[in-house]
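Taking it in order: structure first as structure tokens, then the write-up.
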Amino acid sequence: MPSRGLENFLKENLEDLKSKGLYNEIDTLEGANGPIIKINGRELINLSSNNYLGLATDNRLIEACNEATKEYGVGAGAVRTINGTLKVHIELEEKLAKFKHTEAAIAYQSGFNCNMAAISAVMDKNDAILSDELNHASIIDGCRLSKAKIIRFNHADMDDLRAKAKEAAESGLYNKIMVITDGVFSMDGDIAKLPEIVEIAEEFDLITYVDDAHGSGVLGNGAGTVKHFGLSDKVDFQIGTLSKAIGVVGGYVAGKKDLIDWLKVRSRPFLFSTSLTPGAAAACIEAIDILSSSTELQEKLWENADYLKQGLKDIGFDIGNSETPITPVIIGDEVKTQAFSKRLNEEGVYAKSIVFPTVPRGTGRVRNMPTAAHTKEMLDQAITIYKKAGKELGII
Ligand SMILES: *Cc1c(COP(=O)(O)O)cnc(C)c1O
């Protein structure tokens, strides 16, 4: 017999979400997640993936994945510490360290997992974490798991960070203090002010932690936000994901050898969850090789992003102040934002609406993620559709 308590809980809460229009119906893609996707038999220009460089469907990665699968099998068979560490995992970590200009790196099964792992392996209830208020959910959960005191600072507000760092440091209440930030904020496309964060960290002896999920493969010749600012030796934890620009799945921490050695003996998702599949690890290695040997895909990504941004701006949309390829089209009103995204979909553009509580009330937007795999024709078509739908709804 299922519990009546559970049944009532689910029924009430699901109904509540549905009545408020907050229940998310998930679309199924009938095929690969490329620049054109198929949903319910309809082809759409896809501006919603994090597949920045188009590597998710790159033949070189597919081949590397297939070869490793033939050699090692489909699964790693165990957690890393028991006997799930294969040569391909070591090779991946060596590549990642080189790619990030650090002494060492450790790979996890996802970026989310990585934040669960790394923060709580180092921080505990006698510590404090200064966290940007717009940090990713996995950072927030990782901080909570550590039981450290969480001190939120206003988004990208360096005066607020400095004041709170000073207060925490002078209070004498904490053993260690960490500052933690996204490298690139995914809702607006702005870049963390890392030079100032590092300066504040040096002043107050803070541990520095940058989650560069949206910066790796995009900024700093591919190496990410930290490299972009020339701070590779000044940031203790460089987190990345292998699921966005790298196109596969997984996450990693890059840093000093002692840090990585510690994570290998103390971070729980590493110790208690089976390692990346050999195929995924090999595909990631191939992606890093591609990124390290040529900037062609990044250049294409930025060219496409600039083209889309200019096109949308020229026809009168508010595209915010993004410093990266992430291109929000800010509509404001929540209901209108959702109606707009729906109209775009009907006309052939797949771009998701993002509204409160993911972003502040009154700043509803449709977020566009152009990739290196889009052609000019696709982007032109998308801009034409934006124009039509925008006029219809009185946005432009
Ligand atoms: C996407 C994202 C993650 C999660 O990465 P996955 O590999 O998809 O689990 C973690 N942190 C940030 C900042 C992200 O944007």
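When a ligand or atom number is given, it counts from 1 through the structure's own listing order.
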Provide, line by line, the atom pairs where ligand 1 and the protein bring an N/O atom each to a distance under 3.5 Å; else say none.
from	atom 1	to	atom 2	distance (Å)
ligand 1	7 (O)	G111	N	2.8
ligand 1	7 (O)	T241	OG1	2.7
ligand 1	7 (O)	S243	OG	2.9
ligand 1	8 (O)	S243	OG	3.2
ligand 1	9 (O)	G111	N	3.1
ligand 1	9 (O)	F112	N	2.9
ligand 1	11 (N)	H136	ND1	3.4
ligand 1	11 (N)	D211	OD2	2.6
ligand 1	15 (O)	H214	NE2	3.3
ligand 1	15 (O)	K244	NZ	2.6

Open item on the list: Is the terminal nitrogen or CZ of R361 (NZ for Lys, CZ for Arg) located under 6.0 angstrom from the six-membered ring centre of F356 and within 45° of that ring's axis?
Closed with: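 The answer is yes, since R361 meets both limits relative to F356.
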
Open item on the list: Does the structure place the NZ or CZ of K164 under 6.0 Å from the centre of the six-membered ring of F153, at an angle of no more than 45° from the ring's axis?
Closed with: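 No.
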
- [ ] Return yes if a side-chain donor-acceptor contact under 3.5 Å exists between H136 and D182, otherwise no.
- [x]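 Distance-only check fails for H136 and D182.
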
TODO: Kindly write out the residues that satisfy salt bridge (Lys or Arg N to Asp or Glu O under 4.0 Å) with D188, not counting sequence neighbours, or none if the list is empty.
DONE: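 If we apply the salt bridge (Lys or Arg N to Asp or Glu O under 4.0 Å) test to D188, skipping adjacent residues, the hits are R365.
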
TODO: Not counting sequence neighbours, which residues clear salt bridge (Lys or Arg N to Asp or Glu O under 4.0 Å) with R60? List them please.
DONE: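 Result, salt bridge (Lys or Arg N to Asp or Glu O under 4.0 Å) vs R60: D58.
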
Open item on the list: Run the side-chain hydrogen bond (donor to acceptor under 3.5 Å, both in side chains) test against R162 and tell me which residues pass, sequence neighbours left out.
Closed with: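 Listed in chain order: E203.
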
